Amino acid sequence: MAKAKLSDEVKTYIVQALACFDSPSVVAAAVKKEFGVDVSHDPNKKAASGLAPKWKALFGETRKTFLEDTATIAISHRAVRLRALQRMAEKAEIQSNMVLAASLLKQAAEEVGNAYTNRRELTGKDGKDLPVPVSPVPIFQLPDNDRS
């Protein structure tokens with residue numbers, strides 16, 4: 001059976017999805033849903049050796065942009081995560097799943113309190129600097145019988 005020729009729109013979709021680390025099976029399912037076309041292709045495999053330079057360039061460009069720009073990924077933003085947690089907590093309460101609701105509330109509180117970041121602000125009372133701990137320096141003492 002002859003392979004159907006894919007449109008540039010479908011090819012672009014496939015190359016960009018694979019460049020964004022979507023698995024080939026996920027890409028194939030998405031192409032089937034979006035375009036109604038059955039595909040099985042992975043530019044990382046040997047079959048990709050015959051790809052036109054424009055597709056290889058698109059893959060490289062998309063991969064570079066994807067790795068450098070997390071701002072376009074919705075879940076990378078705190079507000080998006082909090083809204084999702086809000087929806088989940090409300091649904092858990094409606095279903096009387098208080099253990100899950102409490103867990104989601106705790107997660108939201110940790111999210112707001114920067115528990116999921118590397119950034120920590122350590123300050124003393126009223127935002128002032130923390131006092132520097134001073135530990136006593138031990139003085140070298142000789143045993144009583146060695147003092148002569």
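Index from 1, following the sequence. Just so we're clear, the structure is a prediction, and the values are computed from it rather than from any experiment.
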At their closest point, which heavy atom of Leu82 faces which heavy atom of Glu111, and how far apart are they? CD2-CG, 3.9 Å
Gap between atom CG of Leu100 and atom CD of Gln95 - 0.5 Å precision: 8.5 Å
Can you spot which of Leu6, Ile14, Val26 makes a side-chain contact (heavy atoms from CB on, under 4.5 Å) with Val31? Ile14
Between Arg81 and Ser76 (side chain of the first, backbone of the second, donor and acceptor by atom type, cut-off under 3.5 Å), is there such a pair? yes
Residues pairing under salt bridge (charged side-chain N to carboxylate O under 4.0 Å, His left out) where one sits in residues 21-30, two or more places apart or in two chains, turn out to be none
To the nearest 0.5 angstrom, please state how far the NZ atom of Lys54 sits from the CD atom of Glu61. 13.0 Å
What pairs meet the ring-ring contact (aromatic ring centres under 6.0 Å, His included) rule with one or both residues in residues 81-105, with sequence neighbours excluded? none
Test of understanding: with side chain to side chain contact (heavy atoms under 4.5 Å, CB included), list the residues that count as partners of Ser103, not counting sequence neighbours. none
Between Arg63 and Leu67, is any pair of side-chain heavy atoms under 4.5 Å apart? yes
What heavy-atom pair brings Val27 and Ala17 nearest, and what distance separates the two atoms? CG2-CB, 3.6 Å
Correct closest heavy-atom pair for Ala101 and Ala92 would be N-CB, 3.8 Å
Distance, nearest 0.5 Å, that separates CG of Leu85 from CD of Gln107: 4.5 Å
With sequence neighbours excluded, residues passing side chain to side chain donor-acceptor pair (under 3.5 Å) with Ser23: Ser25
If you link ILVMFWY side chains whenever their heavy atoms are less than 4.5 Å apart, which other residues fall into the same cluster as Val99? By chain and number, please. none
Could you tell me which residues satisfy salt bridge (charged side-chain N to carboxylate O under 4.0 Å, His left out) with Glu9, sequence neighbours excluded, listed by chain and number? none
How would you list, by chain and number, every residue that makes a side chain to side chain contact (heavy atoms under 4.5 Å, CB included) with Ile94, sequence neighbours excluded? none
Qualifying ring-ring contact (aromatic ring centres under 6.0 Å, His included) pairs with a residue from residues 63-109, counting only residues at least two apart or across chains: Phe21-Phe66
Evaluate side chain to side chain contact (heavy atoms under 4.5 Å, CB included) for Thr62 paired with Val15, printing each intermediate quantity in order. CA-CA 8 Å; Thr62 303; Val15 169; 5.6 Å; no
Residue set satisfying salt bridge (charged side-chain N to carboxylate O under 4.0 Å, His left out) with Asp69, at least two apart, ordered chain then number -> none
What residue pairs, at least two apart or across chains, pass salt bridge (charged side-chain N to carboxylate O under 4.0 Å, His left out) with a residue in residues 83-93? none
